[in-house]
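Atoms within a ligand are numbered from 1 in the order they appear, just like the ligands themselves. Throughout, numbering of the chain's residues begins at 1 and tracks the sequence.
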Amino acid sequence: MNVLLLGSGGREHAIAWKLSQSSMLRSLHIAPGNGGMESLGTVADLNVMDFAAVERYVRRQKIGLMIVGAEAPLVAGIADYFEASTKTNILVVGPKKAGAMLEGSKEFAKAFMQRHNIPTARYVSFDHSQLNEAIAALDTFQPPYVIKADGLAAGKGVIITKSKAEATKTLRDMLSGLAFQEAGKKVVIEEFLSGRELSMFAVTDGSSYHLLPSAKDYKQIGEGDTGANTGGMGAISPVPFLTEEFQEKALNQVIIPTIKGLSKDGIPFSGVLFFGLIRVGSDPYVIEYNCRLGDPETEVILPRIKSDLLHLFESLCSGLLSEYDLVTDERAAATVILASDGYPDSYEKGKEIKGLNDVGGIDGHVFHAGTKQSRKKLYTNGGRVLALTGRGADVEEAVKNSYRLAEKVGFEGAYCRKDIGADVLDLA
Ligand code: AMP
Ligand code: GLY
């Protein structure tokens, strides 16, 4: 099968790495890709938001299956586009626009959860014509205030503050379009929940599903979960505090009701449902839904799947998901993100990356995120540059191996959090 993977981050490098091990793969194409993917397939310089250009590529390369890595093309309707296309007939891993709305609109997701009795924080929502009402509504919540831009904001659209003045300013900036442009012109204000967070993933066709290994990511830039939210600074899998009892609750109270809720609402879904959960007391609450795999969670989840990922995706798209046998690896994985100095604010690109040939002997994988090749050298090309995934018998050993990778690889101004996994190791 000829496969096209859309995306350019560490998540897509991990997907490409895993697909390249499939006996079903004839050729792998990645667009727009990054500097680490050239050995795994053909890297095509495509704008993934230009669906007609993607369609031309699909025809030219006789692509049979396309995997959409990131949310933006899904929310913009790439799966709908290909379903309607008379020029191509391909399988698409990723939901159509209606299903992607679970990620594309926080308000839609909250209303969906309320409708289907799925546990989540109490909320209210307002649009740009309701600034005064939004400010007044702050008084109906206890600080800290949680304010979310409704639309896509690359993981950065949530502001949590104890200060009412800052909350008011945030509402003003979001609703006026100053912060997050269109994505902020509607907001959700919600109750602050306190507990440990974790992510669960289900590959689903809207009726059957397979749970992928769970993960915990580290969203904030600073150690001890401080500072600005980022796309994610590290991840671990499995999650030591995810007990069997909690998993049962998550399945029965969140995951199954979500899949059934989609079906009741007449919303088809074929792809990965990502559940951002928080454990409050001993109960799961949904913080957010995503309509695709997480980044950097994918860099720890896929190394823990033994079975053929392309076979999983092909089964998903051909109605054979329930017959697929998902085999996971008990061994743990941890990933540490090496980021550019200044990220998630402004940063420089084009720093030479060194040490990639010195990692032999360390149990793990180096996944590229923001990298670029030029004349056989590798350079930084983004905020999150490399995902250094260590493996081990348990999370502690896996974390040690990721930091051993981080000692070998680097570039000018490289930054990583030194405390990935530390909070859960304290539990052991
Ligand atoms: P989101 O983009 O919705 O996942 O939010 C980003 C981060 O903000 C989450 O990972 C949480 O750490 C935090 N967060 C979001 N909503 C809440 C909430 N209701 N209570 C506490 N923390 C939250
Ligand atoms: N790591 C969180 C996300 O992919 O949205």
Side-chain angles (χ1 to χ4, degrees), residues 7 9-12 14-15 68-72 74-75 100 102-110 113 119-125 141-162 167 170 174 180 183-184 187-201 212 214-222 224-237 239 272-280 284-302 335 337 339 344 367 369 383-384 387 417 420 423:
R11 165 182 47 212
E12 285 75 21
I15 297 172
V68 187
E71 60 280 12
L74 292 169
V75 171
L102 281 182
E103 175 165 6
S105 165
K106 300 262 188 215
E107 187 202 26
F108 175 86
K110 296 297 282 191
M113 286 184 265
T120 189
R122 179 173 69 86
Y123 81 104
V124 285
S125 66
F141 291 88
Q142 300 287 333
Y145 304 101
V146 180
I147 300 173
K148 301 186 173 185
D150 178 62
L152 295 182
K156 294 161 198 155
V158 177
I159 304 293
I160 300 180
T161 175
K162 287 190 179 141
T170 299
M174 282 190 185
F180 311 112
V187 296
V188 165
I189 306 177
E190 66 180 45
E191 175 194 15
F192 179 83
L193 298 176
S194 185
R196 285 181 181 273
E197 287 180 57
L198 70 153
S199 308
M200 292 181 73
F201 301 87
L212 302 181
S214 54
K216 170 176 163 55
D217 82 339
Y218 292 80
K219 287 205 169 83
Q220 282 167 281
I221 188 73
D225 292 334
T226 52
N229 267 332
T230 69
M233 294 303 293
I236 55 162
S237 178
V239 182
V272 179
L273 260 177
F274 167 143
F275 302 86
L277 301 179
I278 187 162
R279 191 185 65 178
V280 182
Y285 282 71
V286 178
I287 290 279
E288 65 162 350
Y289 287 120
N290 292 320
C291 60
R292 36 83 195 169
L293 281 163
D295 193 350
E297 291 92 332
T298 305
E299 292 95 303
V300 292
I301 292 172
L302 294 189
T335 201
I337 297 288
F367 295 121
R384 293 190 294 171
R417 271 179 67 164
I420 300 305
D423 55 333

**Q.** Residue, atom name and distance, where the atom is the protein heavy atom closest to atom 13 (C) of ligand 1
**A.** Ile160 CD1, 3.6 Å
Q. Considering only protein heavy atoms, which is closest to atom 16 (N) of ligand 1, and at what distance to one decimal place?
A. Lys148 NZ, 3.0 Å
Q.
Does ligand 2 come near enough to Glu297 that some N or O of the ligand is less than 3.5 Å from an N or O of the residue?
A. yes
Q. Tell me: protein heavy atom nearest atom 17 (C) of ligand 1, and distance?
A. Ile287 CD1, 3.6 Å
(Q) Are any of the N/O atoms on Leu193, whether in the backbone or the side chain, positioned under 3.5 angstrom from an N/O atom of ligand 1? (A) yes
Q: Could you pull out the closest heavy-atom pair between Glu191 and Phe141, with the gap in Å?
A: N-CE2, 3.4 Å
(Q) Using a 6.0 Å cut-off, check whether atom OH of Tyr123 has over 12 heavy atoms from anything other than its own residue. (A) yes
(Q) Taking salt bridge (charged side-chain N to carboxylate O under 4.0 Å, His left out) as the definition, give me every residue that meets it alongside Glu103, ordered by chain and number, with sequence neighbours left out. (A) Arg292
Q: Considering the heavy atoms of Asn290, write down every atom of ligand 2 situated less than 4.0 Å from one of them.
A: 5 (O)
Q) In terms of atom number and element, which parts of ligand 2 are under 4.0 angstrom from non-hydrogen atoms of Gly294? A) 4 (O)
Q: Write down the atom of Thr226, the atom of Gln220, and the distance for their closest heavy-atom approach.
A: O-CB, 3.4 Å
Q: Report the member of Gln220, Glu103, Lys106 with the shortest heavy-atom distance to atom 3 (O) of ligand 1.
A: Lys106
(Q) How far is atom 4 (O) of ligand 1 from the closest protein heavy atom, and which atom is that? (A) Glu288 CD, 2.9 Å
Q. Quick one: does Glu71 get a heavy atom under 4.0 Å from ligand 2?
A. no
Q. Which of the numbered atoms in ligand 2 are below 4.0 angstrom from a heavy atom of Arg292?
A. 3 (C), 4 (O), 5 (O)
Q. Relative to the heavy atoms of Glu190, which atoms of ligand 1 are at a distance of less than 4.0 Å?
A. 16 (N), 17 (C), 18 (C), 19 (N)
Q: Nearest 0.5 Å please: distance from the CZ atom of Arg196 over to the CD1 atom of Ile278.
A: 11.0 Å
Q. Under a 4.0 Å N-O cut-off, is there an ion pair linking Asp150 with Lys148?
A. no
Q: Could you find the nearest protein heavy atom to atom 7 (C) of ligand 1 and give me its residue, atom name and distance?
A: Asn229 ND2, 3.9 Å
Q: For the residue pair Lys110 and Ser125, confirm or rule out a side-chain donor-acceptor distance under 3.5 Å.
A: no
**Q.** Nitrogen or oxygen atoms of Glu288 and ligand 2 under 3.5 Å apart
**A.** no
Q: Using distance alone, decide if ligand 2 has a nitrogen or oxygen within less than 3.5 Å of any nitrogen or oxygen in Lys219.
A: no
Q) Which atoms from ligand 1 have a heavy atom of Lys219 less than 4.0 Å away? A) 10 (O)
**Q.** Candidate pair Lys216 and Ser199, rule side-chain hydrogen bond (donor to acceptor under 3.5 Å, both in side chains), full reasoning
**A.** CA-CA 6 Å; Lys216 170 176 163 55; Ser199 308; over 6 Å; no
Q) When you measure from atom 10 (O) of ligand 1 to every protein heavy atom, which one gives the shortest distance, and what is it? A) Glu197 OE1, 2.7 Å
Q: Any chance you could lay out the salt bridge (charged side-chain N to carboxylate O under 4.0 Å, His left out) test for Lys106 and Glu288, step after step, and finish with the verdict?
A: CA-CA 8 Å; Lys106 300 262 188 215; Glu288 65 162 350; 3.6 Å; yes
Q.
Quick check for you: to the nearest 0.5 Å, what is the distance between Thr161 atom OG1 and Phe192 atom CZ?
A. 11.5 Å
**Q.** Heavy-atom closest pair, residues Ala339 and Met233
**A.** CB-CE, 4.0 Å
Q | Atoms of ligand 2 close to Gly231 [distance to a heavy atom under 4.0 angstrom, numbered from 1] | A | 1 (N), 2 (C)
Q: Would you mind running through ligand 2 and noting each atom that sits below 4.0 Å from a heavy atom of Asp217?
A: 1 (N), 2 (C)
Q) Which protein heavy atom lies closest to atom 8 (O) of ligand 1, and at what distance to 0.1 Å? A) Val158 CG1, 3.7 Å
Q) If you measure from CD1 on Ile287 to CG on Leu193, what distance do you get to the nearest 0.5 Å? A) 5.5 Å
